[in-house]
Amino acid sequence: SQRQIICAVTKRGITPLMCACYTQNVELMEVFSSCMSTKDIAMVDKDGRSAADYARHSIKDIDDVNTNTHTIMLLDPMV
């Protein structure tokens with residue numbers, strides 16, 4: 001069923017919603033979350049991260065004061 005696909009989980013506990021949050025894909029986040037229960041949305045991966053955590057931490061800003069550079073690092077939820 002559609003719900004089984006949307007609520008699928010990898011071996012590491014990653015859901016499609018977490019991937020959509022990681023990529024900041026608002027349209028997919030809306031579709032997935034509208035088909036999920038509150039419990040499904042609150043699921044966490046093996047590291048204890050929720051979809052909201054992936055949304056907050058998908059882009060990490062790093063300032064290096066030693067080289068006066070600013071780097072943006074993408075954190076891949078599948079690694």
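Listed by first and then second residue, the salt bridge (charged side-chain N to carboxylate O under 4.0 Å, His left out) pairs involving residues 18-39 amount to none (not counting sequence neighbours).
Remark: Ser33 pairs with Ile41 by the side chain to side chain contact (heavy atoms under 4.5 Å, CB included) rule, at least two apart or across chains. Listed by chain and residue number, nothing satisfies the side chain to side chain contact (heavy atoms under 4.5 Å, CB included) test with Ala42 (two or more places apart in sequence, or in another chain). Met43 pairs by the side chain to side chain contact (heavy atoms under 4.5 Å, CB included) definition with Val9, Thr15, Asp40, not counting sequence neighbours.
Grouping Ile, Leu, Val, Met, Phe, Trp and Tyr residues whose side-chain heavy atoms lie under 4.5 Å apart, directly or via other members, leaves Ile5 alone, with no other cluster members.
With values rounded to the nearest 0.5 angstrom, Leu17 atom CG is found 5.0 Å from Met36 atom CE. Atom CG of residue Asp47 and atom CZ of residue Arg12 lie 5.5 Å apart, to the nearest 0.5 angstrom.
The minimum heavy-atom distance between Pro16 and Ala8, with the atom names listed, is CD-O, 3.2 Å.
Screening Arg49, Arg56, Met29 against Cys21 for a side-chain contact (heavy atoms from CB on, under 4.5 Å) leaves a single residue, Met29.
In this structure, Tyr54 and Asp45 have side chains that are in contact, with non-hydrogen atoms separated by less than 4.5 Å.
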